[in-house]
Amino acid sequence: MASYDFKEIEKKWIGKYDGFAGYKGLDFEADKQKFYMLTEFPYPSGSGLHVGHGFAMTGADVYARYQRMMGKNVMFPMGWDAFGLPTENYAIKSGKNPKEITKEVTDNFRMQMRKLGFSFDWDREVNSTMPDYYKWTQWIFVKLFEKGLAHKEEMPINWCPKDKIGLANEEVIDGKCERCGSETEKRTISQWVVKITDYADRLLEGLKDTDFIEKVKAAQVNWIGKKEGAKIKFEIKTPDGFRVKPGMTGRKSETDILEVFTSRPDTLPGATFLVLAPEHPMVKHLMENSELIGWIPGQARNDIKRYLDEVKGRSEIERTDDTRAKTGVFTGIYAVNPLNNKEIPIWISDYVLMGYGTGAIMAVPAHDDRDKAFADKYNLPIDSEFVPDDLIISLIEEKGFGEKAVTYHLRDWIFSRQHYWGEPIPMIWCENCVPEGDGFRVKPGMTGSWIPVPEKDLPVVLPEVEKYQPTDTGESPLANIKEWVETTCPNCGGKAKRETDTMPNWAGSDWYFLRYCDPKNREMLASQEKMEYWMPVDVYVGGDEHNTLHLLYSRFIYQFLWDLGVVPKIYPEPYKKRLSHGVLLGPDGNRMSKSKGNVIVPDVVAETYGADVLRTYMMFMGPFDSTMAWNERSLVGVRRFIEKIFRLVTENAGKYVVTDLESSRLIHKLIKGAGEDLSQFKFNTVIAKLMETTNALLRSGAEVSSEDLGRVVKVLAPFAPFVTEELWNLLGGEFSVHAQEFPKFEEKYLMTDVITISVQINGKMRETIEVENDASEEAVVDTVKKIEKLEKYLLAGEIKKIIYIKGKTINFVVA
RNA sequence: GCCGGGAUGGCGGAAUGGUAUACGCUCAAGUCUCAAAAACUUGUGGUCGCAAGGCCGUGAGGGUUCGACUCCCUCUCCCGGCACCA
C-alpha cells in the first residue's frame, strides 16, 4: 500500500471543490436549519495570507464543516475589506492603480485560501471597493444624514503629520498614529461626524441579547463607558456681586453659571475648587467678551494667556501622560459651592478634558487622587466632608442647582478621511439651497447647504486620479479633480461642489454580513426575505483587535438599519455569538514580524507538510482562543498522526465486515467525545482523541470494518479535508466525504460490563478495582475488604462512613 | 487605577467536585540496519527505596467538603483591553 503522499492527494482533489455544491449556502432551504458562520473578511495586503488569517479561518472552517455534517444549511462566505492606506501607500510608491493592486492581491489571497482547503461559498464573495458594493455603503451614509445622525462640524481632530490624515480618537494609540506610529497633533478641520452616541444606551442594552464571550462584552461596555452621576451648577461670583438665577437677569446664563459633571455628587461639600478644561467655552468667553473685561484681574489675564499657549503646543502624548506633574492657572475669579455657599477658586488645567462630561469639574481633593495632586501643587484647601449618597441627588434636585445625569466615554464618530482610497462621501455643497423640513429649498444668499446625492445617482464612483498623494492642505487628492468636484445641485440644478472626503476604513465592514445574504442585489443592500432567512449571524469568529471598534460600529449600523426598517425585525443584534480566536506567535515566542524574521508563511508550510497537516496542527496547538508559539517539532508530530491514520485506513480498507467489540467501543467513544468538543470549539482535544483512537486501533491490530473506518475518517474530515476525501474514496464512499453526516454514536458501545473505580481511604487514592457496571455498595465494600494491602488502612481505626459514587469511586472514612 | 483572562511535568497542553499530568513534543532504552535516519516497542512529575511500596506534588496562604486543579476568601505574578473619563 502506498504511503501518505500529500502532494498527490491534494492535487487530485483540490479542483473537485471548485464550484462544489456542498459548500454553498442555499437561500430558503426549507428542510434544513440555517447556520450563518462568519469570519472577518481580511484586508488583502501585498504580503499575502498571513498564518494568523490561516489559523482563524481554519477554526471557522472546521466549525462550518461540522455544522454542515450536522445537517445544517450553512452559509460560510468570504470577501475583501480592500479600501485602506497600505494599498494607497503602495500606489503612491509604485504609481500603480489601487484598483489593479487590489485585483492582484485578492486573486492571490483567493488562491491561497483554495490551497488551504477553506470551504467558502465563493458565489457570495464581496469586495468593499467595488462600486456595486460601496453604492450601499454610501446609501447608508445618506440615510444617516437624512435622519440627522451625520453632520459636518469644525472639529479638533487628531492629525497624523506623516500619513497626512485625520484620525478618529480610536485610531490614536498612546498619542500615536495607529498606522505609522508617528506622534499626532491636534488640528481643526471641518469633518463629517456620525452621532453614534445617540445609540449609546441601545448598544449597551443590546449586549444582553447576545451570547458574546465575556471579554468581548466587557470590551464593549468599557468602551461605551456609561457613568451615572449628577450635573451640578455653580454660580460665578461677579465683581458686582452674585447673579442669582440663570435667565433671570439681563446677562446670559452661560456667563454666570458653570456646570460640572460628577459621578460622586455626595462629595459636593468637599469641593474646594473648580477646574475648567483649557478648551472650555467659558474660558474663551471670559477672555474675549468685551463686556466681561474687568472680571479677570490683569495679572491673571496674562497668566491665562501664557498657559493656554503652553497647552496648545503640547502634544497629545504629553497631555495624556498621567505621570506628568499637573499644571494649571488660577483665573482670579470664584464660584460658589451651592451646598454651603463657600467661595471656591476657578482654575484652568489640561488634566480636565473637554470631551468628557461638561469639560469642567468640581475638584474634591479629599476623594480624588488627581484633584489631590493638583491641590498639593497649588496649595489649595482639602475638605473631607460628604453627605450620604442616597440623599444627595434628591437634595440637589429639590434645591434646583443640579440634576441626575449620565455621561459616556463613547464619543461621536469622526467619519471623514482626507484620502483617495476609500468610499467617496456622497454629499454635494450648494451655495443656493438651505434645509427646510425634510428637504431643501432654494434660497440664495443664505448659508448654503450640504445635499445628499439622490439614490438614483449612487454610487458616486471614485474617479481615477494621477496622484494618490494627499494634499498638503489636508484635503483629499479628489479635491484636485476639478471636473469631478464641480457638479450640479440635486435640488436646484445650479452649480455645486462635491465633498472630497472619503469614508473611514470601518464603513465598508459595518454591514458586509448583510450583503453576503444577497450579494448581487441591485435594488437594495439585501432583500428582506434573504436577510430574514439568514440573519442573525450565528457565530462570528474574529480577532481581539476588533472587539471594540468594528464590533461597536457594525452593531450601531445594524441598529440604525433596524430603526429604518431595512433589516427584518427578527433579532435586535447582528451577531448571536462572538468568539475571539487566539494569536500565533513566532517560534521564538514573539509576535511575528518581518523585522524579527520569525514569520511563518502558510504557503511554505503547506508546500512542505501539506495543507491537511498544517490545518490539523494549528487546531492541535492549544485552545482556539489562546496565544501560542509556533513549534516545528509539534507540527512533525501531527504529520506522524496523519500518516498513522492513513496507514490504519489503507491497511484495513475492505478487509473486515464486522468490527470487534473493543474497537467499536473506542470508535463510539471517539464519536461522542469529538462531537461534544467540536460543538464547543475545543478543536485541540478532538485531535487528541483522534490520535488516541488511532494509536489504540493500530497497536491492538484491531479488526475494523470499512464502515467504522469511515466513521473515524468523518470525524477527521473537518480538520483535514483532502486526505479524508482520499481515504473516504478508498473506502468506497461517494464524493464527497464533506457532504456526509457526522457519525452518530450508539449507547450500547459506551457501556461495559466491568468498570474500574478508585478506592479512597480518607479521600486519598489507594487502589483501583474492577467491579461490575452496576455493582451495589455492599458488593464493592466486600471486594475492597478482601484486598490485603488495604488492611492496614482499614484496620487503623473505625470505619465511620462509606461514600460510594457509582461508577467512579468509593471512599472509606477511617478514624 | 478600572475591566477581562490566566498560573498544572523539561516544553505545548488535558481533566468543571471523584484514578492529576490525556494527547503531542523532548529525552532514554530496545527492535530493525553493515551503519545512520525513518518507523516500531517500552519507559519518561519530584523524592526515598534493591524491590514491594511510601512520602510530596496543579502560583502562595486560608476555608468549604468524605473527597478540591475544579467551589469560596486573601494575596502574588503574568497576559489582554481601557485610562488624567471627574
Side-chain angles (χ1 to χ4, degrees), chain A residues 3 170 173-174 213-223 225 227 229 260-264 267 271 275 277 319-324 326 349-353 355-364 367-371 373-374 407-411 544-545 547-548 580 582-583 617 620-623 625-638 640-641 643-644 647 673 677 682 684-695 698-699 756-769 789 800-815:
Chain A
S3 62
E170 36 275 38
I173 311 291
D174 290 335
I213 54 171
E214 207 42 53
K215 76 165 161 185
V216 176
K217 278 192 186 182
Q220 298 271 297
V221 169
N222 273 344
W223 191 263
K227 269 216 178 126
V260 305
F261 172 80
T262 176
S263 61
R264 292 285 308 274
T267 63
V275 188
R319 268 197 77 165
T320 54
D321 176 9
D322 56 8
T323 60
R324 184 176 59 97
K326 300 210 165 5
S349 173
D350 66 353
Y351 86 90
V352 174
L353 308 173
Y356 185 75
T358 62
I361 63 160
M362 60 177 212
V364 187
H367 294 283
D368 185 287
D369 292 342
R370 292 153 302 175
D371 297 345
F374 195 80
T407 185
Y408 300 89
H409 167 236
L410 183 69
R411 310 289 164 81
D544 281 342
E545 69 276 21
N547 283 344
T548 36
S580 61
V583 177
Y617 166 62
F620 180 64
M621 291 175 85
D625 60 358
S626 70
T627 305
M628 296 160 294
W630 191 263
N631 182 340
E632 189 91 10
R633 307 301 315 224
S634 286
L635 180 69
V636 170
V638 172
R640 277 186 206 133
F641 158 63
E643 282 165 355
K644 275 184 191 175
R647 209 169 70 224
D677 290 354
K682 289 163 78 174
N684 55 333
T685 55
V686 178
I687 293 158
K689 283 172 176 135
L690 274 161
M691 287 172 167
E692 212 173 341
T693 309
T694 305
N695 288 342
L698 272 177
R699 214 165 287 169
T756 307
I757 68 167
S758 65
V759 180
Q760 299 176 10
I761 314 286
N762 291 334
K764 194 161 176 58
M765 215 282 285
R766 291 294 174 186
E767 188 61 277
T768 58
I769 54 168
K789 56 180 274 200
K800 300 270 190 196
K801 203 173 171 186
I802 296 172
I803 295 112
Y804 176 48
I805 310 293
K806 222 175 185 177
K808 286 181 174 164
T809 192
I810 184 157
N811 188 11
F812 292 79
V813 184
V814 180

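Computed from a predicted model, the values in this text were never measured in an experiment. Below, chain A is the first sequence line, B the second, and so on; all start at residue 1.
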Problem set entry | Nearest-angstrom distance, C1' atom, B:G63 to B:U47 | 29 Å
* Asked: With a 4.0 Å cut-off on heavy atoms, is A:Asp625 in touch with a base, just the backbone sugar-phosphate, or nothing at all?
  -> nothing
| task | Using a 4.5 Å cut-off on heavy atoms from C-beta on, say whether the side chain of A:Val364 contacts that of A:Thr262. | result | no
Close side-chain approach of A:Glu632 and A:Leu635, heavy atoms under 4.5 Å
yes
Closest of B:C84, B:G81, B:C40 to the A:Asn222 side chain is B:G81
Which of B:U26, B:C23, B:U42 is nearest the side chain of A:Arg699? It is B:U42
Does one side chain, of A:Lys644 or A:Asn695, offer a donor that lies under 3.5 Å from an acceptor on the other? yes
Is there a side-chain contact between A:Tyr617 and A:Trp630 (heavy atoms, below 4.5 Å)?
yes
task = Please measure how far the C1' atom in B:U31 lies from the corresponding atom in B:G12, and state the result in whole Å.
result = 30 Å
Rounded to whole Å, CD of A:Glu692 lies from C1' of B:C25 at a distance of 16 Å
Under 4.0 Å, heavy atoms only, any strand: does A:Ala218 hit a base, just the sugar-phosphate, or nothing? sugar-phosphate
Rounded to whole Å, the CG-P distance (A:Leu690 to B:G24) equals 12 Å
What integer number of Å spans the P atoms of B:C2 and B:C75? 11 Å
chi for B:G63 classified (syn = within 90 degrees of 0, anti otherwise) as anti
Point to revise | Between B:G54 and B:A68 - C1' atom distance, rounded Å | key: 23 Å
Re B:A35: Watson-Crick or G-U wobble partner, both distances kept under 3.5 Å, found to be none
Given B:A39, is OP1 or OP2 found less than 4.0 Å from the side-chain N or O atoms of A:Arg640? yes
Nearest-nucleotide check on RNA chain B, A:Gly355 vs A:Glu643; residue mapping nearer the 5' end is A:Glu643
In 5'-to-3' order, the base (B), backbone-only (S) or no-contact (-) status of each nucleotide in nucleotides 8-20 of chain B, using a 4.0 angstrom heavy-atom cut-off, is ----BSSS--BB-
**Message:** When the P atoms of B:G1 and B:G13 are compared, how many Å lie between them, rounded to an integer?
**Reply:** 28 Å
Self-check item: Close side-chain approach of A:Ile361 and A:Tyr356, heavy atoms under 4.5 Å
Solution: no
As its Watson-Crick or G-U partner within any shown strand, both distances under 3.5 Å, B:G30 has B:C40
inquiry  = Please determine whether a side-chain nitrogen or oxygen atom of A:Arg647 lies at a distance below 4.0 Å from atom OP1 or OP2 of B:A39.
reply    = no
If only side-chain N and O atoms of A:Asn695 are considered, is one of them under 4.0 Å from the OP1 or OP2 phosphate oxygen of B:G24?
-> yes
**Rounded distance in Å between the P positions of B:C40 and B:A7** = 33 Å
Comparing A:Arg633 with A:Lys215, nearest RNA chain B nucleotide closer to 5' gives the residue A:Lys215
Review point. Just checking A:Val352: base, sugar-phosphate only, or nothing, at a heavy-atom cut-off of under 4.0 Å?
Key: base
Between CG of A:Leu353 and P of B:C84 the distance, given in whole Å, is 6 Å
As its Watson-Crick or G-U partner within any shown strand, both distances under 3.5 Å, B:C25 has B:G10
Here the distance between atom P of B:G6 and atom CD1 of A:Ile213, to the nearest Å, is 10 Å
Rounded to whole angstrom, note down the P distance from B:C73 over to B:G4.
13 Å
Taking a pair to mean Watson-Crick or G-U wobble geometry with both distances below 3.5 Å, B:A83 pairs with none
For B:G59, the nucleotide meeting Watson-Crick or G-U wobble distances (both under 3.5 Å) is B:C75
In whole angstroms, the gap separating P of B:C66 from CG of A:Asn762 amounts to 12 Å
- Message: Tell me if a side-chain donor or acceptor on A:Asn762 pairs with a main-chain N or O of A:Lys764 at a distance below 3.5 Å.
- Response: no
Residue pairs meeting side chain to side chain donor-acceptor pair (under 3.5 Å), one or both in residues 801-812 of chain A, sequence neighbours left out, come to A:Ser758-A:Thr809, A:Gln760-A:Thr809
In whole Å, measure the gap between the P atoms of B:U70 and B:U19 for me.
14 Å
The residue among A:Val352, A:Asp350, A:Asp371 that forms side-chain contact (heavy atoms from CB on, under 4.5 Å) with A:Val275 is A:Val352
Checking N1-N3 plus N6-O4 or O6-N4 for Watson-Crick, or N1-O2 and O6-N3 for wobble, each under 3.5 Å, the partner of B:C66 is B:G18
From the candidates B:C84, B:G54, B:G24, the one with an atom nearest any side-chain atom of A:Met691 is B:G24
Are any non-hydrogen side-chain atoms of A:Arg647 and A:Leu698 less than 4.5 angstrom apart? yes
